[in-house]
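One structure is given here, and the rest of the page talks about it.
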Amino acid sequence: MEINSVHGQANGTKKGIMRQRSRISSYWLALRPWSFSASLTPVALGTALAYKSTGTLNIMTALLTFAGVLCVHGAGNLTNTYFDYLKGIDSKKSDDRTLVDRILEPGDVATFGAVLYALGCVCLLFIVVVSPAKMEHLALIYFGGLSSSFLYTGGIGLKYLALGDLVIVITFGPLAVMFAYVAQTGTLATSPLLYALPLALNTEAILHGNNTRDMEADRNAGVVTVAILLGRMGSYSFYVILVFLPYIIFCVLGINFSPGFLLPLVTLPIAFDLEKKFRQGSLSKIPQRTAKLNLLLGIFYVLGCFMIDAASFPGL
């Protein structure tokens, strides 16, 4: 009897651990970690530009910046999941099944999002302590990004009014790069905004690919996106511009200033493969595949920036 009791307790403990692991995995998947390149690469770029501008790098500030921006990004993804579900946009055919399949409850998603927003604000407080930047400058940029991530689907829901693309381009490009740059240098400058353009365009390609794939579902739910306004052929043309225009920018920079700017061109085969899949209508994994391109493009862009002599950066 005692042996059976011990075995029963052991089995109960194992089941409890497995349930806990499954729940943690559900929360992790709800964050859509495949999309985190959209916030990681701009922060890395802003940090690299700051290093080239000042010749110094504060590791603690960089780590806190990455953590804060990731918290806001994750919270924004959860907000998107929550409001898309409430508005009846997500269905059994949707890519995000967190609430549709009751993997998590709506209250769990909302609470997790609020916790991440709070953790992001805690990171901001620590950044204010270790950064040479003025608190009002950091707060203005940070809360601008936080508000954008929420208003994308929360509040007035800019996504549903064909304004979501503009929000993404601004938030996961200029704002993220500028926040990292200001946190490191303590100064406001316009040049980092221009260097953010290639990443911003490529990040918008992730969203546009997602919206093109979900065009019919969004239209049936009464949502208006840029993909719906452009139609299938217009959306394909816009996607091609978003994917390939950054390479043109890199070529201009590489030819006129430093060959190091040409490093991201090694990802061109992936870009051509994405264009082919988009043209053929194979859109089921287009957002995830574009996010992979975004990550690799960002890595090579940032590596190139670290390799290039500071004097070769125009306007920096």
Side-chain angles (χ1 to χ4, degrees), residues 29-32 34-35 38-39 72-110 112-113 117 145-173 175 200-243 274 277-279 281-291 294:
L29 292 176
L31 291 174
R32 305 180 207 170
W34 57 265
S35 69
S39 54
V72 171
H73 188 169
N77 284 347
L78 293 169
T79 301
N80 186 9
T81 296
Y82 180 77
F83 283 100
D84 274 357
Y85 178 76
L86 287 188
K87 295 177 183 295
I89 296 172
D90 284 342
S91 66
K92 291 293 183 181
K93 296 181 179 181
S94 300
D95 186 53
D96 186 359
R97 311 291 292 278
T98 303
L99 295 179
V100 176
D101 292 344
R102 311 301 287 189
I103 298 173
L104 295 173
E105 296 298 320
D108 296 330
V109 171
F112 191 23
Y117 276 133
L146 187 151
S147 300
S148 297
S149 76
F150 178 80
L151 293 174
Y152 177 66
T153 48
I156 60 177
L158 297 172
K159 169 188 174 180
Y160 312 124
L161 303 173
L163 295 174
D165 297 72
L166 181 61
V167 171
I168 294 301
V169 167
I170 294 175
T171 304
F172 296 108
L175 276 183
L201 292 170
N202 197 260
T203 300
E204 162 60 11
I206 302 175
L207 175 66
H208 185 67
N210 181 82
N211 288 346
T212 303
R213 182 198 60 190
D214 298 341
M215 190 185 301
E216 292 304 320
D218 288 342
R219 183 183 288 113
N220 293 335
V223 176
V224 180
T225 63
V226 170
I228 291 175
L229 295 176
L230 292 176
R232 185 67 66 177
M233 281 305 300
S235 292
Y236 163 73
S237 300
F238 187 45
Y239 182 81
V240 169
I241 292 172
L242 293 171
V243 169
L274 286 171
K277 285 183 168 56
F278 201 107
R279 176 164 36 88
S282 302
L283 303 178
S284 60
K285 293 297 181 181
I286 276 291
Q288 291 87 342
R289 288 169 176 159
T290 309
N294 182 262

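The two atoms that bring Gly173 and Ala200 nearest to each other are CA-CB, 3.9 Å, heavy atoms only. Of all the heavy atoms in Pro287 and Gly209, the pair that sits closest is CG-C, 4.2 Å. Across Leu31 and Asn77, no two heavy atoms sit closer than the pair O-ND2, 2.7 Å. Nearest heavy-atom pair, Thr153 versus Asp84, reported as atom, atom and distance to 0.1 Å: CG2-OD1, 4.0 Å. Taking each heavy atom of Ile156 and Leu161 in turn, the nearest pair found is O-CD1, 4.0 Å. The shortest heavy-atom contact between Ser148 and Thr171 is CB-OG1, 3.2 Å.
Looking at heavy atoms from C-beta onward, Leu151 lies out of side-chain contact with Val167 at the 4.5 angstrom threshold. With a 4.5 Å cut-off on side-chain heavy atoms, Leu104 and Phe112 do not count as touching.
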Exercise for the section: Go through the steps to decide whether Asn211 and Val226 satisfy the test side-chain contact (heavy atoms from CB on, under 4.5 Å), and finish with yes or no. Expected result: CA-CA 8 Å; Asn211 288 346; Val226 170; over 6 Å; no

Practice task
Go through the steps for Tyr152 and Asn80 under the test side-chain contact (heavy atoms from CB on, under 4.5 Å), then give the verdict.
Solution key: CA-CA 7 Å; Tyr152 177 66; Asn80 186 9; 3.9 Å; yes

Handout entry: Trace of the side-chain hydrogen bond (donor to acceptor under 3.5 Å, both in side chains) decision for Thr290 with Tyr239
Key = CA-CA 10 Å; Thr290 309; Tyr239 182 81; 2.8 Å; yes

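Looking only at distances, a side-chain donor or acceptor of Asn220 sits under 3.5 Å from a matching main-chain atom of Glu216.
Remark: Leu274 CG to Leu283 CG distance equals 11.0 Å, nearest 0.5 Å. Atom-to-atom distance recorded for Asn210:CG and Arg32:CZ is 7.5 Å, nearest 0.5 angstrom. Taken from CZ in Arg232 to CZ in Arg279, the straight-line distance is 14.5 Å, to the nearest 0.5 Å. For the atom pair CG (Asp165) and CG (Leu158), the distance works out to 11.0 Å, reported to the nearest 0.5 Å. Distance check, rounded to the nearest 0.5 Å: CZ of Phe278 to OG1 of Thr212 gives 3.5 Å. Rounding to the nearest 0.5 Å gives a distance of 11.0 Å between CG of Leu207 and OG of Ser35.
Taking the six-membered ring where the residue is Trp, Phe238 and His208 present perpendicular rings, their angle passing 60° and hence far from 30°. Between Phe150 and Phe83, the ring planes are perpendicular. Angles over 60° get that label, and only those under 30° would be called parallel.
In Tyr82, the OH atom is not crowded: 12 or fewer heavy atoms of neighbouring residues, nucleotides or ligands sit closer than 6.0 Å.
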